[in-house]
Every structure is written in structure tokens, then in C-alpha cells.
Enquirer: 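Take a look at this one; I'll ask things after.
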Amino acid sequence: MSQTVVLKVGMSCEGCAGAVRRVLGKMEGVESYDIDMKEQKVTVKGNVQPDAVFQTVSKTGKKTSFWEEAAPAEPEAKPAETVAAA
């Protein structure tokens, strides 16, 4: 079952993002991922478990946590991700 996992990852440079790219590129089940350095946000899509993605990204040594959706949605946020399927 495909799902989206969003993590907050402390990345300060392209090298940090590269380390995250490397581990996600090797991870089984990952269909695609997006790394937003400015937001310190990593979005992973695929047949993956949130805990497994968290563990994999944590191995890079970067400060990793699950993205808190509590913050008010910003206008550029994609509404499709926040609307539950009927």
C-alpha cells in the first residue's frame, strides 16, 4: 500500500541532503522522495512504513522527527494531502 511519510530533518548543507538522498535511494519500497532544504522537510512516497523511513533517515546522523501537521496550513500547501478520502 502506497503512502506518504513526511519528516523534519536537520539539513544545513547540500552534503546533508545528499546523505538523505543516498539512504532513501537504497531503501526498499520508496517510489519517490522530495527534499526541501529551506523547510528542512523530507517527503517520501511509496510502499513504506513511517517507522522504517524514520529509522533509515536517522542513520544519516541528522536530527530527524516526524513532521508535525499541527501548524496552520500555508497557502502553497497541496490540499490533496490534508483532505481525507471519502
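Count residues from 1 along the sequence. Just so it is clear, the structure is predicted and the values come from calculations on it, not from any experiment.
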Enquirer: Given side chains that start at C-beta, do those of V5 and F66 come closer than 4.5 Å, heavy atoms only?
Expert: yes
Enquirer: What pairs with K63 under side-chain contact (heavy atoms from CB on, under 4.5 Å), at least two apart in sequence or on another chain?
Expert: none
Enquirer: Cut-off 3.5 Å, no hydrogens considered: what does the side-chain donor-acceptor table look like for residues 47-59, sequence neighbours left out?
Expert:
from : atom 1 : to  : atom 2 : distance (Å)
N47  : OD1    : M1  : N      : 3.2
T56  : OG1    : A52 : O      : 2.8
S58  : OG     : F54 : O      : 2.8

Enquirer: Grab the two heavy atoms, one from V20 and one from I35, that are nearest each other, plus how far apart they are.
Expert: CG1-CD1, 3.9 Å
Enquirer: Only pairs under 3.5 Å count here: list side-chain donor-acceptor contacts from residues 6-13, not counting sequence neighbours, and write none if there are none.
Expert:
none

Enquirer: Measuring from atom NZ of K41 to atom CG of D34, what distance do you get when rounded to the nearest 0.5 angstrom?
Expert: 9.0 Å
Enquirer: Is V42 reachable from M37 through a run of hydrophobic residues whose side-chain heavy atoms are each under 4.5 Å from the next?
Expert: yes
